[in-house]
There are 2 protein chains.
Amino acid sequence: MQNPAPENLDLILAALGDPARRRAVEFLKDGPRRAGEIAEAAGMSGPAMSRHLRVLRKTRLITEERVEEDARIKLYRLERAPFEALSGWLEEVSAFWGDSLQALKAHAESVVREEKGAGKSPPVRAARRSGP
Amino acid sequence: MQNPAPENLDLILAALGDPARRRAVEFLKDGPRRAGEIAEAAGMSGPAMSRHLRVLRKTRLITEERVEEDARIKLYRLERAPFEALSGWLEEVSAFWGDSLQALKAHAESVVREEKGAGKSPPVRAARRSGP
DNA sequence: TTATTATTTAACGCATACGTTAAATAATAT
DNA sequence: ATATTATTTAACGTATGCGTTAAATAATAA
């Protein structure tokens, strides 16, 4: 029970799908920054970025922390976990190719289909053509 | 000049950010499928999925091909390149952590800031506190 | 040609997302 | 208490995205 729930992937991907948020993330690559700096770096108003940050926060792509020495300041930093989750999903999808496994797998299935006629999710079923 | 243009990343991420499209992608993991099957698997009408497929096609996450034996049928299949582009970007962002490079980098910068007062993009600038 | 099957466009309604400016909070400093 | 700086929330207009049904294409079969 350490998995961040699968639905998060949609949120993570959607969060990163916005250009402004992606700019923010790339900006934070160089270290924790304040909201105002992020907004400026992304070329938009504070309020606009504030809402983007909220979206990123909700997915835990970023976290906030107050600076001890000056509690007025909040710093945002990238968080590792969501990126790893995404990375894991990508690998899972890409395992598809791995070692030319694609054709192999596809062919194997088509063979199975040919033999079984129609499985539970008939991948081609080729609109039964008139015959051989 | 083999790079798929950086802006594509936004498109790719946005494309994968939609649940229906992600379901489609995961469904295609098992091999090429027809549009109708994909729509059914995702639990939505053909037209709805058709537009999702167009989005995925635009990012080249999927490609279409006609079946020789029955040209009425078009099969969609996952394409490798965009996933690799995304994977590359992820690695680039994640290089940030790599080997506890984060704290190191962040600290180094804060030191530089202390010494220089204000660089070109002052990461903290700590709202100059009253002073030591 | 006419009919059949698969897929895409078109048109509609609805909801959500985005950015802006103005007002509200939060934390300190004087 | 009042002022200052940083950030968030509220309110507003506009635009884009999504799903549905109905109509249009595409490719073939009879």
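Hydrogens, waters and symmetry mates are skipped; everything else that's a heavy atom, side chains included, is used. Protein chains get the first letters and strands the later ones, always in sequence-line order, with residue 1 at the start of each.
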Begin with the C-alpha distance, continue with both residues' side-chain angles, and end with the deciding distance and a verdict on side-chain contact (heavy atoms from CB on, under 4.5 Å) for A/D18 and A/V55. CA-CA 10 Å; A/D18 183 273; A/V55 171; over 6 Å; no
Take A/K74 and A/E64 through the test salt bridge (charged side-chain N to carboxylate O under 4.0 Å, His left out) and record every step on the way to the result. CA-CA 6 Å; A/K74 265 194 292 193; A/E64 57 174 305; 3.2 Å; yes
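Between A/R57 and the phosphate of D/dT8, there is a side-chain N or O to OP1/OP2 separation shorter than 4.0 Å. Taking side-chain N and O atoms only, A/H52 has no distance below 4.0 Å to OP1 or OP2 of C/dA17. For A/S45 and C/dT20, the shortest distance from a side-chain N or O to OP1 or OP2 is below 4.0 Å. Taking 4.0 angstrom as the limit, B/Y76 places none of its side-chain polar atoms (N or O) nearer than this to OP1 or OP2 of C/dA6. At least one side-chain nitrogen or oxygen of B/R54 sits closer than 4.0 Å to the OP1 or OP2 atom of C/dT9.
Among the nucleotides C/dT20, D/dC18, C/dT9, the one closest to the side chain of A/M44 is C/dT20. The side chain of B/D18 has D/dC18 as its nearest neighbour among D/dC18, D/dA22, D/dA10. Distance from the side chain of A/R51 is smallest for C/dC18 among the nucleotides D/dA26, C/dC18, C/dT8. For B/A35, the listed nucleotide lying nearest its side chain is C/dT7; candidates were C/dT7, D/dT20, C/dT20. When distances run from any side-chain atom of B/K74 to the nucleotides C/dT7, C/dT21, D/dC18, the shortest one goes to C/dT7. Considering only side-chain atoms of A/R34, the nucleotide from D/dA6, C/dT8, D/dT8 that sits closest is D/dA6.
Rounded to an integer number of Å, the gap from CD of B/E40 to P of C/dA6 is 12 Å. As rounded to whole Å, 8 Å separates atom P of C/dG19 from atom CZ of A/R23. One atom, NZ of B/K58, and another, C1' of D/dG17, lie 12 Å apart when rounded to the nearest Å. Atom P of nucleotide C/dA17 and atom CG of A/L11 are separated by 11 Å, given to the nearest angstrom. Taking atom CG on A/D10 and atom C1' on D/dC18, their separation rounds to 14 Å, with Å as the unit. Across the protein-nucleic acid pair, B/L13 atom CG and C/dA17 atom C1' stand 17 Å apart, rounded to whole Å. For the pair B/L53 CG and C/dT8 C1', the interatomic distance rounds to 10 Å; values are reported in whole Å. Residue A/M49 contributes atom CE, which lies 11 Å from atom P of C/dC18 at whole-angstrom precision.
Here the side chain of A/R33 pairs no donor or acceptor atom with the backbone of A/I38 at under 3.5 angstrom. Using modelled atom types, no side-chain atom of A/S50 and backbone atom of A/G46 make a donor-acceptor pair closer than 3.5 Å.
Other residues, nucleotides and ligands place more than 12 heavy atoms under 6.0 Å from the CZ atom of B/R57.
Contacts of A/A48 with the nucleic acid, taken as non-hydrogen atoms under 4.0 Å apart, include base atoms.
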